[in-house]
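Report on the following structure.
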There are 2 protein chains.
Amino acid sequence: MATIYDIAKKAGVSVATVSRVLNGVDHPVREETRKKIIDAAKELGYRPNKIAKSLAHRRTYTVALLIPSITNNFYTEIAEVIEQKLGEKGYSTYLCNTQRMIEKETQYVDDLIARRVDGVIFSPTRVKPEDNLVNARNLEELRKNGIAVVAFGSHFSNVSQVYINTYEGALEATRYLLELGHRRIGFIDGLEAGTRKSRRRGYMDALRMAGIEIDANLIVSGNLEMDGGYECVRKLMQIEEPPTAIIAVNNLMAVGALKGAKDMGIDVPGELSIIGFDDSKLSEVVEPPLTVVKQPLKEIGDVAVGLLMEQIEGESMPRMVELKTQLIIRVSCTRKR
Amino acid sequence: MATIYDIAKKAGVSVATVSRVLNGVDHPVREETRKKIIDAAKELGYRPNKIAKSLAHRRTYTVALLIPSITNNFYTEIAEVIEQKLGEKGYSTYLCNTQRMIEKETQYVDDLIARRVDGVIFSPTRVKPEDNLVNARNLEELRKNGIAVVAFGSHFSNVSQVYINTYEGALEATRYLLELGHRRIGFIDGLEAGTRKSRRRGYMDALRMAGIEIDANLIVSGNLEMDGGYECVRKLMQIEEPPTAIIAVNNLMAVGALKGAKDMGIDVPGELSIIGFDDSKLSEVVEPPLTVVKQPLKEIGDVAVGLLMEQIEGESMPRMVELKTQLIIRVSCTRKR
DNA sequence: ATAATACAAGTAACCGATTACCTCTGTGCA
DNA sequence: TGCACAGAGGTAATCGGTTACTTGTATTAT
């Protein structure tokens, strides 16, 4: 494969001149020389070597997207904008999918440091509560090695992040159900919940403010996949006084819950109202279409890239951007009878 | 950031020795020296620089996944295994999502060559028939620059590929509908179809073998997204003698078709049977759950990585592996009344 | 006792770029 | 005429590793 030395020889100039011409550096070069170089490069089928460039520049123009799942549409939708925006700015994206395995997150972080990525967009993998510590350590490791980071989907200190106010989202969803007359509202939470338990807090606060006591039996946890929702709804519907409405903290569990209810012969929304989190094709297409708390996925990706660029190219300090959710009302909820 | 020179100085040895110890090269080193080096590395918080390694080794241990869509579960499911398998072998994965824009495919190829990826797993972006030429040129460009390639989802000569026999899949699906007594079977094809039009050929051959003449009015094309299926079903159901069954060539269009039919007040499967391609959560969860021609996604990813490694690490010639589809019978098809 | 060999390390070229600094030539102005 | 300066280009160090080849010493065989 041709190098700039080959071009230099062919054009009868030095490599410095070749580099200048090929990179449009601000240094005078005679038009004639320029042409010779361009021609030589073309004839040799020259392909710049970004590895060598990276080494010299100490910049790789690569960013990693480090997420817990890539089969969940929530991440996929965000990934699409992120990859696109980064591409527009000349960055390539490493896909790092932990599959919710915390050890993989740490492995990735090690490798990404070795690969000298310029930045990482990070949504923590958290299955057990202790994983939070690992997440924080990983984040710190990245920062210590001079890598820009922006997080989403959880809270960390001293890191840029796009924060989606799911507390309010859950609050709004719960209030909506209350307005429909529901009093026994089930809550399908994620794996031991995040650090802040925002959604759960929103749910509980809405109930409290309405003067309804929290019933621990109405709160169960699932694995964030469809089967998790499926199991949870069975549990919830078998307690003494089952709920007449249910909120699930993510898209897949909401659909799983719907399926579970149907399989138990429960009519949705007739006998049971369901609200999910995260909008997607799934929620629309299911029968009945799900009312959901939508998170602004495109915007999350957009903002994440923006915050990252601020750090990489602008050297600015970490900061947080807050985004709001939106309640999309479809037909999976109805007035309590 | 510490380099091997720093370690060498601290441990009082040469960089060669440091490199040997750190990489476990087969060269004798005294245990005492080894320890000094390991300790120095640890104290300095040494992080190997894979960029420098890549330059020296002329191997980057990176592979690109170049696909038309990342929001479609079909690709996502394949991507998950690919990224995982590659990771196990020490390769990082670049995500290259063309969003079905052919110019992006070419841009990616250029960049990937510059980044000196070791390999590319490639599913062509093809919207217009001419795109085929661009795909082929891109593939050729990669090969010319010494990059290993494996393709899937379309046919190319002289490239390793995993070939899914969708011809037989479509044949089987069509026969299944014929057995159920359907004679007017609609076909929702993709964008101008692929090079080989395997699915369409399977559909047509099955009809012909059953002595049924092909009716061009029964064949329409969609954009591979849900709205495409939605529109197509409307078209099909408005011709003089509408079909009693429909086959759609991908997952999203099948679901779109189902939705379209419902919105037209058509009962599925009562008045219209539907078969989709590609299995996914969507197909299961929809009402009624869709009968589909399933492609073996995990296996596709598995084989793709295998074929790629053969080339990168084994220097073997391109070859093709054929995989079969499987008809998953659910409840969206019924005997013609 | 000496040559041959194994062991343990070091030297320096190389991977393919970038770029600070230097050199040479020609022009303009005092 | 002499000098400053702009224009055009070159030299070589650098980025952070790898590795072929060399060197010096200790051990073994003869």
Side-chain angles (χ1 to χ4, degrees), chain A residues 1-38 40-41 44-62 90 111 113-118 145-146, chain B residues 1-38 40-41 44-62 90 111-118 145-147:
Chain A
M1 208 171 248
T3 71
I4 56 167
Y5 287 85
D6 301 324
I7 298 177
K9 184 176 296 176
K10 181 147 193 161
V13 298
S14 77
V15 293
T17 307
V18 174
S19 177
R20 283 171 193 137
V21 168
L22 262 27
N23 295 293
V25 168
D26 180 27
H27 186 108
V29 175
R30 245 188 305 164
E31 201 39 54
E32 185 195 330
T33 312
R34 179 184 311 277
K35 189 169 177 328
K36 272 197 300 194
I37 291 171
I38 301 283
L44 291 169
Y46 172 74
R47 295 291 195 155
N49 184 328
K50 288 204 176 177
I51 298 300
K53 272 190 210 264
S54 292
L55 187 57
H57 278 138
R58 296 127 145 277
R59 268 302 264 309
T60 54
Y61 284 92
T62 57
D111 191 59
I113 294 172
R115 290 188 184 273
R116 299 294 193 269
V117 296
D118 296 334
N145 285 280
Chain B
M1 208 171 246
T3 71
I4 54 167
Y5 287 85
D6 301 323
I7 297 178
K9 186 177 295 176
K10 182 146 193 160
V13 298
S14 76
V15 293
T17 307
V18 173
S19 177
R20 283 170 193 138
V21 167
L22 263 27
N23 295 293
V25 168
D26 181 26
H27 186 109
V29 176
R30 242 186 309 162
E31 196 45 46
E32 185 195 329
T33 313
R34 179 186 312 277
K35 189 169 177 324
K36 273 196 302 194
I37 291 172
I38 301 285
L44 292 169
Y46 172 74
R47 294 292 195 156
N49 184 326
K50 286 205 178 177
I51 299 300
K53 272 190 212 263
S54 292
L55 187 57
H57 279 138
R58 299 126 143 276
R59 265 308 259 314
T60 54
Y61 283 92
T62 57
D111 191 59
L112 293 174
I113 294 171
R115 289 188 185 272
R116 300 296 194 267
V117 295
D118 296 333
N145 286 279
I147 295 172

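Nothing here was measured: the structure is a model prediction, and the numbers come from that model. Below, chains carry the letters A, B, ... as their sequence lines are ordered, and counting in each starts from 1. Only heavy atoms go into these numbers, but all of them, side chains included; no hydrogens, no water, no symmetry mates.
Put simply, CG on B:Leu22 is 15 Å from C1' on D:dT19, counting in whole angstrom units. Across the protein-nucleic acid pair, A:Arg58 atom CZ and D:dC15 atom P stand 6 Å apart, rounded to whole Å.
For B:Lys53, whose side chain is taken as the heavy atoms from C-beta onward, the closest listed nucleotide among D:dG9, D:dT18, D:dC21 is D:dT18. Looking at the side chain of A:Arg30, the nearest of the listed nucleotides D:dA8, D:dT19, D:dG10 is D:dA8. Nearest to the side-chain atoms of B:His57 among the listed nucleotides D:dT18, D:dG17, D:dG10 stands D:dT18.
Mapping A:Ala2 and B:Pro28 onto DNA chain C via the closest heavy atom, the residue that lands nearer the 5' end is B:Pro28.
Nearest approach of B:Thr3 to B:Asp6, heavy atoms of both residues: N-OD2, 2.8 Å. Closest approach of A:Ile51 and A:Asn49 over heavy atoms only: N-OD1, 2.8 Å. In terms of heavy-atom proximity, A:Thr62 sits nearest to A:Val117 at OG1-CA, 3.4 Å.
Counting any heavy atom pair closer than 4.0 Å across all strands shown, A:Ser54 reaches no nucleic acid atom. Within the nucleic acid shown, B:Thr3 comes within 4.0 Å of sugar-phosphate atoms alone, with no base atom in reach, counting heavy atoms only.
Here the range on DNA chain C touched by chain B, meaning any atom under 4.0 Å from one of its heavy atoms, is C:dC7 to C:dG16.
Residue B:Lys10 qualifies as enclosed at atom NZ: its count of foreign heavy atoms under 6.0 Å is above 12.
Look at B:Arg34 and B:Glu31 and you find a salt bridge, because one of the NZ, NE, NH1 or NH2 atoms lies within 4.0 Å of a carboxylate O, short of that distance.
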